[in-house]
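Scroll down for the structure; my scribbles are underneath it.
Along the sequence shown, residues carry numbers from 1. The figures here come from the full heavy-atom set of this structure, side chains too, leaving out hydrogens, waters and symmetry mates.
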Amino acid sequence: MSESFEIRPMSPELYRKQTRRITLVVAAIFIALALLMSTFCVQVFGTSGGDNFRWNLIGVLAGLAITVAVVRIQLWPRPWMAPAVYGWQLKRSLMRVTNVMHKVKAGVAAGDPAAMKLLRFYHLGLTQMHQLDGNSADLNHHVREIDQHREAMEAQGLEVEQNRLELSWLEAVKGYGK
């Protein structure tokens with residue numbers, strides 16, 4: 001991901017409804033392609049009355065590969081896929097921060113504004129992810145940490161609405177910790 005990501009307001013109920021529909025469409029495509037490719041492999045390479053398990057498996061794996069290609073190349077840019085794409089990008093952005101969290105926390109401890117903003121983006125993104133996924137119970141474990149960090153940012157005079165992941169923040173925290 002070479003560009004920044006921005007958290008957008010989204011209705012959790014609508015998001016879940018749309019992503020369920022998208023999941024069903026992708027699952028149907030996979031099932032159809034897996035059956036088609038499995039049948040093709042058995043017909044072309046299999047033996048009549050023999051054990052064709054490996055050809056079935058190869059067909060299913062080919063169906064999976066084709067499904068991934070169809071989703072990424074053909075369906076990903078379609079407007080009706082936007083909720084699933086947004087959810088994937090949100091989780092990917094959060095994972096980028098999680099991968100350097102030890103450095104982010106070291107930067108926050110040092111009072112670095114970039115690290116403070118990065119952790120705030122992470123908290124806002126994590127909050128939205130839990131809301132979109134309908135997982136508010138897990139979010140309750142983070143409320144105290146989120147509130148303390150917001151208060152620390154306010155005390156430093158930093159803007160608490162950090163809805164955009166800036167790549168420069170990730171670069172800035174790389175110098176902290178080992």
Side-chain angles (χ1 to χ4, degrees), residues 1-27 30 64-65 67-69 71-73 75-178:
M1 180 163 80
S2 58
E3 54 213 46
S4 61
F5 173 80
E6 188 164 352
I7 298 170
R8 298 185 313 252
M10 191 170 286
S11 162
E13 294 79 21
L14 182 60
Y15 171 83
R16 285 191 294 274
K17 178 182 176 188
Q18 291 173 327
T19 54
R20 276 192 301 267
R21 186 191 69 207
I22 291 165
T23 300
L24 290 174
V25 168
V26 172
F30 167 66
L64 177 62
T67 300
V68 169
V71 168
R72 290 296 298 192
I73 295 168
L75 302 181
W76 204 254
R78 309 268 182 203
W80 59 271
M81 282 286 289
V85 171
Y86 178 81
W88 184 86
Q89 290 173 335
L90 173 63
K91 290 174 184 177
R92 176 78 174 102
S93 295
L94 292 174
M95 187 54 66
R96 291 186 76 185
V97 178
T98 300
N99 289 340
V100 294
M101 187 56 78
H102 62 288
K103 293 181 179 203
V104 172
K105 291 194 175 187
V108 168
D112 180 45
M116 300 282 285
K117 292 174 184 178
L118 187 56
L119 185 58
R120 181 63 180 162
F121 167 83
Y122 178 80
H123 287 154
L124 293 173
L126 187 66
T127 299
Q128 186 182 50
M129 183 190 74
H130 285 299
Q131 290 169 343
L132 293 177
D133 289 345
N135 187 3
S136 58
D138 194 35
L139 181 60
N140 291 336
H141 295 95
H142 301 282
V143 170
R144 184 168 165 241
E145 177 188 347
I146 292 170
D147 289 344
Q148 287 175 339
H149 184 68
R150 185 189 72 247
E151 290 167 3
M153 287 186 70
E154 288 171 343
Q156 281 192 8
L158 296 172
E159 174 62 46
V160 294
E161 288 305 315
Q162 299 297 330
N163 291 319
R164 184 178 196 87
L165 174 60
E166 297 294 339
L167 301 179
S168 61
W169 299 341
L170 288 167
E171 291 300 317
V173 299
K174 287 186 179 178
Y176 291 100
K178 294 279 181 215

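For the atom pair Leu126 CG and Gln131 CD, the distance stands at 10.0 Å (nearest 0.5 Å). Rounding to the nearest 0.5 Å places CG of Asn163 at 6.5 Å from CD of Glu6. The CG atom of Leu165 sits 8.5 Å away from the CG atom of Leu94 when rounded to the nearest 0.5 Å. Within the model, atoms CE of Met95 and CZ of Arg92 stand 8.5 Å from one another, a figure rounded to the nearest 0.5 Å. We find the CD-NZ distance between Glu13 and Lys17 to be 11.5 Å, quoted to the nearest 0.5 Å. To the nearest 0.5 angstrom, Thr23 atom OG1 is 13.0 Å from Arg16 atom CZ.
Remark: the Gln128 side chain and the Tyr15 side chain contain no N/O donor-acceptor pair separated by less than 3.5 Å.
Among the candidates Leu118, Val173, Leu119, the single residue satisfying the side chain to side chain contact (heavy atoms under 4.5 Å, CB included) test with Val97 is Leu118.
Taking the six-membered ring wherever Trp is involved, the centroid distance between the rings of His149 and His123 falls below 6.0 Å.
Closest approach of Phe5 and Ser93 over heavy atoms only: CB-OG, 3.2 Å. Residues Glu159 and Met153 approach most closely at O-CE, 3.2 Å, considering heavy atoms. Looking at every heavy atom in both residues, Pro77 comes nearest to Arg72 through CD-O, 4.3 Å.
Using a 4.5 Å cut-off on side-chain heavy atoms (C-beta onward), Met81 and Val71 make contact. By the 4.5 Å heavy-atom criterion applied to side chains, Ile7 and Tyr86 are counted as neighbours. Side-chain contact between Tyr122 and Val104: absent, with no pair of heavy atoms (C-beta onward) separated by less than 4.5 Å. At least one side-chain heavy atom of Lys91 sits under 4.5 Å from a side-chain heavy atom of Asp133. Considering only heavy atoms from C-beta on, His102 stays 4.5 Å or farther from Tyr176 through its side chain. You'll find the side chain of Trp80 reaches within 4.5 Å of the side chain of Ile22, heavy atoms only.
For Arg150, the salt bridge (Lys or Arg N to Asp or Glu O under 4.0 Å) partners are Asp147, Glu154, not counting sequence neighbours. Scored by the salt bridge (Lys or Arg N to Asp or Glu O under 4.0 Å) test, Arg78 finds no partners at all (sequence neighbours excluded).
With salt bridges taken as basic N to acidic carboxylate O contacts below 4.0 Å, one links Glu166 and Arg164. At a threshold of 4.0 Å, the pair Asp112-Lys117 does not count as salt-bridged, since none of the basic side-chain nitrogens sits closer than that to a carboxylate oxygen.
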Please evaluate residues Arg120 and Ile146 with respect to the criterion side-chain contact (heavy atoms from CB on, under 4.5 Å), reporting the C-alpha separation (whole Å), side-chain torsions for both, the decisive distance (0.1 Å), and the verdict.
CA-CA 8 Å; Arg120 181 63 180 162; Ile146 292 170; 3.8 Å; yes
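A cation-pi contact, defined as under 6.0 Å to the ring centre and within 45° of the axis, is absent between Arg96 and Trp169.
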